[in-house]
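Please read these numbers as outputs of a predicted model, since none were measured by experiment. Below, read A as the first sequence line, B as the second, and so on, with proteins coming before strands; counting in each chain starts at 1.
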Amino acid sequence: MRLATWNVNSLKVRLARVEEWIGYAQPDVLCLQETKLADAAFPTMAFQALGYEVACHGEGRWNGVAIASRVGLEDAEAGFHGDAAAATEGRLLSATCAGVRVSSVYVPNGRSVGSEHFEAKLEWLRLLRAHVAATSDPEGLVAVCGDFNVAPDHRDVWDASRAHGGTHVSGAERAALDEMVAWGLVDAFRQQHSGDRLFSWWDYRAGDFHKHKGMRIDLAMVSRPLADRLTFALIDRQARKGKLPSDHAPLLFDFDL
DNA sequence: ATGGTCGCGCAGCGA
């Protein structure tokens, strides 16, 4: 099974590139973030035309997540399990695809360390861990994919000095990620690649992409039984190039399933 | 050294 995740930064603007990418990357399951589309505006038929079922959870303007699958899509749940209020923000969507409990996540940015937005980000990560623990088993097939807005360690940041104090790299954010690891999730990309400067996001400004100034903040956190079946992992930098790119590259993961 | 770009939507905010 080929599982992919991509923060597309507006699916409306990016649809043609997403269709093109699906055409050559051929994911079985694709998690999308920052669709910026209300569910009524989601281009469901464009995905159906390519052979995918789709579930979406968006609010328009901001956020918005979706899962497209050509290997089945069942038991979709928007937001945190059992929390109707939190489901209003389009940041979390879970569904079962070919026996894997897949979640597409868009973690809040946090803005600046110590701000109320930062505290909300930490709380959101705690709720995500609780959601995963409440709805799945670490011995089962679980994949939590998306834009975590956290760079797991110093290798995941273009400049080591940025790895101290700032948002995305703070100890508190990394500790929240560690809690998910402690529950039983594995950073799938790191299982395949140990090198530094393998980024998934680059700021649009100042030619950061071409200067290799980025971060690895898009992750697939998978349970050990799924990690044991991982055969290939790639960040598709090609998809960050050319006309009208997202500021994030898509990632893909092959599992022997 | 500084500021730099997008998307949304029509001003300025969020990233």
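- Look at A/Glu173 and A/Lys121 and you find a salt bridge, because one of the NZ, NE, NH1 or NH2 atoms lies within 4.0 Å of a carboxylate O, short of that distance.
- Checked against the 6.0 Å centroid threshold, A/Trp21 and A/Trp6 count as a close aromatic pair.
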What string of B, S and - do you get for nucleotides 5-15 of chain B, 5' to 3', when a contact is any protein heavy atom under 4.0 Å?
BSSSS----SS
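- Spacing between B/dG9 and B/dG14 at atom P, rounded to whole Å, works out to 14 Å.
- Nucleotides B/dC10 and B/dC6 place their C1' atoms 16 Å apart, quoted to the nearest Å.
- By the 4.5 Å heavy-atom criterion applied to side chains, A/Leu127 and A/His131 are not counted as neighbours.
- The existence of a salt bridge linking A/Arg216 and A/Asp153 is excluded, since no basic side-chain nitrogen approaches an acidic carboxylate oxygen closer than 4.0 Å.
- Nucleotides B/dG4 and B/dC13, compared at atom P, are 15 Å apart to the nearest Å.
- Put simply, the side chain of A/Arg14 gets close to the backbone of A/Asn9: a donor and an acceptor are under 3.5 Å apart.
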